[in-house]
Amino acid sequence: MSDQKITPRAEDYSRWYQDVITEADLVDSSPVRGCMVLKPHGYAIWEAIRDDLDQRFKATGHVNAYFPLFIPQSFLTKEAQHVEGFAKECAVVTHHRLKATPEGVIPDPDAVLDEPLVVRPTSETIIWHMYGRWISSWRDLPILINQWANVVRWEMRTRPFLRTAEFLWQEGHTAHATAAEAQEETRRMLEVYRDFCWQTLAVPVVMGVKTASERFAGAVDTYCIEGMMQNGWALQAGTSHFLGQNFARAFDVTFQNKEGTLEHVWATSWGVSTRLVGAVIMAHSDDEGLVLPPKVAPVQIVLVPITRADNQEKVMAFVDGVAARLRGRFRVKVDDRDNMKPGAKYFEWERKGVPLRIEVGPRDVDNHAVFCKLRTEPGKFSLPADEGLADAIGAVLDKMQAAMLDKALATRKARTHRVDSYEELKARLESDSGWFLVPWTDDAENEAAIKAETKATIRCYPLEGQEEAQGRTCFYSGRRATHMAIFSRAY
RNA sequence: CGGGGUAUAGCGCAGCCUGGUAGCGCGUCUGCUUCGGGAGCAGAAGGCCGUAGGUUCAAAUCCUGCUACCCCGACCA
């Protein structure tokens with residue numbers, strides 16, 4: 001395999017990110033600009049994320065459904081803010097047939113669609129069109145639907161996982177009888193995301209509210225979870241929107257309440273995407289390659305037999321026995337390739353982010369033990385290969401998962417800076433990248449001015465700690481502060 | 001979409017300036033020996049040089065268009 005091809009983080013952080021992904025064999029580029037192929041090892045991370053979240057959605061009363069990829073163009077025009085937000089990045093289908101010509105194949109001029117179809121950039125419009133047909137009474141509410149789907153946003157500049165033209169995601173779309181109920185749903189799902197990121201991804205995201213300029217096109221309020229990457233930049237890991245009655249009005253979706261009067265329906269939508277895979281990679285990996293928390297690692301344990309011709313049978317029988325004992329509880333791989341030396345296998349699985357490696361040689365067979373190495377710790381240790389092995393390994397992996405969260409949390413805390421003046425922010429953005437927590441007076445023009453000058457944006461008004469703004473003055477305008485804001489450079 | 005760079009075997013590169021029909025390392029295949037931190041030897045396979053044109057007796061090499069990728073900006077999950 002390749003030799004030390006991962007650029008160190010300190011040298012070039014984006015090259016490092018690129019290298020880690022390539023070396024771990026997560027994706028391949030596609031012939032179409034901005035699109036990526038998710039290779040099995042990369043897709044498996046998404047599968048683990050999807051399966052975990054799907055359970056959480058179902059546990060909070062949601063059901064899955066599927067809405068079509070194509071949306072009539074006219075639907076996109078119905079909600080004014082929504083059009084403005086998405087019009088610039090939509091792929092549009094205009095023909096339904098190809099035609100062979102001497103110059104090659106072209107869209108058949110005789111097969112132009114009456115109305116062009118937009119490839120969904122998000123599904124609010126088609127879903128609210130359908131909800132209009134399904135809702136007439138308060139008894140039809142709430143509707144709590146989620147869908148797992150792909151969407152397309154024609155992005156100018158792309159990065160694997162973090163921003164691609166087509167990406168996989170889930171979008172929850174709920175319909176409620178009251179504003180309070182919809183707001184509660186918005187916050188409930190935000191909390192689902194937060195807990196998932198902390199517990200499953202070991203990424204200690206912060207929950208917050210977006211300012212008007214960062215709000216979802218068509219939302220009344222946009223909540224978000226923001227994660228800090230190792231270079232101190234922020235990454236929006238998920239959003240949950242309170243849509244008010246905007247889409248219900250645009251698509252004329254009303255219900256008859258218990259008093260018999262017609263009201264517009266209240267809405268939410270919430271989503272996370274394959275960007276989460278990028279967040280996990282960036283949050284935990286090191287200069288040796290991918291590091292994954294055990295809960296989402298496609299392979300949690302790799303067994304590497306160390307054999308010679310005269311002991312191969314003995315060692316392999318032992319390895320197979322250990323693997324059989326661990327399968328069913330863990331995702332286990334036995335690397336029995338005979339064309340690679342054990343050392344080469346160690347490097348390969350380290351690059352690929354396998355949390356626990358178990359080396360088994362003749363000495364271990366004789367001792368009835370296995371020799372273990374954690375991806376995140378320097379030393380190796382031996383465990384008895386008895387009935388308690390699976391429990392012992394479970395404990396080790398749980399501890400690793402918790403340690404990864406602690407480490408990421410410590411980094412986030414160390415790199416969250418409180419500053420009181422704009423001068424200090426500008427100076428420290430260069431020297432000391434991270435998040436900057438400041439007292440702030442909500443003002444879109446000032447926000448834009450700061451972004452233009454520093455490239456830092458307001459990631460959110462964090463839900464926790466807003467009371468700190470009481471009685472303080474805005475670090476930029478000197479006016480009475482309305483919020484505590486997190487400024488940071490972001491992906 | 002603006003500025004810059006790149007495109008030659010699966011991967012990383014040389015060859016291009018000074019045109020003459022393609023080479024190196026790694027990987028792959030076969031065999032033997034190896035195997036507790038990136039194995040050794042021997043043999044072999046694999047590329048109409050991103051793509052479409054142009055110049056020329058002749059193009060990987062010179063010229064033009066297009067496409068993709070990377071870096072930096074503006075837009076965004």
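Heavy atoms only: backbone and side chains are in, while hydrogens, waters and symmetry mates are out. First the proteins, then the strands, lettered A, B, ... as listed; each starts at 1.
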Donor + acceptor pair across side chains of [X], [Y] (<3.5 Å):
{"X": "A/T7", "Y": "A/D12", "result": "no"}
{"X": "A/T186", "Y": "A/S240", "result": "no"}
{"X": "A/W440", "Y": "A/Y461", "result": "yes"}
{"X": "A/S382", "Y": "A/R363", "result": "no"}

**Asked** Between the side-chain atoms of A/K373 and the base atoms of B/rG36, is any donor-acceptor pair under 3.5 Å?
**Response**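 It does not, because no donor-acceptor pair links the side chain of A/K373 to the base of B/rG36 below 3.5 Å.
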
**Message:** Can you say whether a donor on the side chain of A/E348 sits under 3.5 Å from an acceptor on the base of B/rG37, or the other way round?
**Reply:**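 Side chain to base: no pair below 3.5 Å.
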
**Message:** According to salt bridge (charged side-chain N to carboxylate O under 4.0 Å, His left out), does anything in residues 300-311 of chain A pair up with another residue at least two apart or in another chain? List the pairs.
**Reply:**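 Only A/R308-A/D310 qualify under salt bridge (charged side-chain N to carboxylate O under 4.0 Å, His left out).
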
**Prompt:** Restricting to pairs with a member in residues 215-233 of chain A, which pass salt bridge (charged side-chain N to carboxylate O under 4.0 Å, His left out), not counting sequence neighbours?
**Reply:** A/K210-A/E226, A/E226-A/R459

**Complete:** In B/S/- notation (B base, S sugar-phosphate only, - none; protein heavy atoms under 4.0 Å), nucleotides 67-77 of chain B written 5' to 3' is -SSSSBBBBBB

**Item:** Protein proximity profile, nucleotides 5-10 of chain B - base contact B, sugar-phosphate-only contact S, no contact -, cut-off 4.0 Å on heavy atoms
**Value:** ------

**Message:** If stacking means aromatic ring centre less than 5.5 angstrom from the base's six-membered ring centre, planes under 30°, is A/Y346 stacked on B/rG37?
**Reply:** no

May I ask which nucleotide in the shown strands pairs with [N], Watson-Crick or G-U wobble, both distances under 3.5 Å?
{"N": "B/rG20", "result": "B/rC57"}
{"N": "B/rG2", "result": "B/rC72"}
{"N": "B/rA77", "result": "none"}
{"N": "B/rA52", "result": "B/rU64"}
{"N": "B/rA9", "result": "none"}
{"N": "B/rG43", "result": "B/rC29"}

**Request:** Check step by step if ring-ring contact (aromatic ring centres under 6.0 Å, His included) holds for A/F216 and A/F242.
**Result:** CA-CA 10 Å; A/F216 175 75; A/F242 171 58; over 10 Å; no

Integer angstrom distance from the [atom1] of [N] to that of [M]:
{"N": "B/rC62", "M": "B/rG25", "atom1": "P", "value": "26 Å"}
{"N": "B/rG53", "M": "B/rC75", "atom1": "C1'", "value": "35 Å"}
{"N": "B/rG12", "M": "B/rG27", "atom1": "C1'", "value": "11 Å"}
{"N": "B/rC32", "M": "B/rA7", "atom1": "C1'", "value": "40 Å"}
{"N": "B/rA68", "M": "B/rG50", "atom1": "C1'", "value": "8 Å"}
{"N": "B/rG47", "M": "B/rG40", "atom1": "C1'", "value": "29 Å"}
{"N": "B/rG36", "M": "B/rG4", "atom1": "C1'", "value": "50 Å"}
{"N": "B/rU61", "M": "B/rC49", "atom1": "C1'", "value": "10 Å"}

Salt bridge or not for [X] and [Y], using N-O below 4.0 Å?
{"X": "A/R337", "Y": "A/E348", "value": "yes"}
{"X": "A/E185", "Y": "A/R188", "value": "yes"}
{"X": "A/R357", "Y": "A/E350", "value": "yes"}

**Prompt:** Going by heavy atoms closer than 4.0 Å, what residues in residues 292-315 of chain A are next to RNA chain B?
**Reply:**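 A/I306, A/T307, A/R308 - these, ordered by number, are the residues of the stretch whose heavy atoms sit under 4.0 Å from the strand.
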
**Item:** Pair listing, ring pair (Phe, Tyr, Trp, His ring centres under 6.0 Å) test, anchored in residues 284-320 of chain A, at least two apart
**Value:**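 Matches after skipping sequence neighbours: A/F318-A/H368.
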
Given atom [atom1] of [X] and atom [atom2] of [N], what is their separation to the nearest angstrom?
{"X": "A/I358", "N": "B/rG37", "atom1": "CD1", "atom2": "C1'", "value": "17 Å"}
{"X": "A/D19", "N": "B/rG12", "atom1": "CG", "atom2": "C1'", "value": "12 Å"}
{"X": "A/F347", "N": "B/rG27", "atom1": "CZ", "atom2": "P", "value": "15 Å"}
{"X": "A/E23", "N": "B/rG38", "atom1": "CD", "atom2": "P", "value": "18 Å"}

**Request:** Name all pairs fulfilling the side chain to side chain donor-acceptor pair (under 3.5 Å) condition that reach into residues 74-91 of chain A, sequence neighbours left out, sorted by first residue then second.
**Result:** A/S74-A/E115

**Pairing residues for A/W435 by the ring pair (Phe, Tyr, Trp, His ring centres under 6.0 Å) criterion, not counting sequence neighbours** = none

**Request:** Only counting residues at least two apart or in another chain, list the ones meeting ring pair (Phe, Tyr, Trp, His ring centres under 6.0 Å) with A/Y476.
**Result:** A/Y422

**Under the side chain to side chain contact (heavy atoms under 4.5 Å, CB included) test, residues paired with A/R159 that sit two or more places apart** = A/S14, A/R157, A/L162, A/Y491

**Request:** Under 4.0 Å between any heavy atoms, over every strand shown, what does A/E171 touch: base, sugar-phosphate, or nothing? Just pick one.
**Result:**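 Contact class for A/E171: none.
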
**Test salt bridge (charged side-chain N to carboxylate O under 4.0 Å, His left out) applied to A/R9 - qualifying residues, sequence neighbours left out** = A/D287

Below 3.5 Å is the cut-off: list the nitrogen or oxygen pairs between protein and nucleotides 39-43 of chain B, distance only.
none

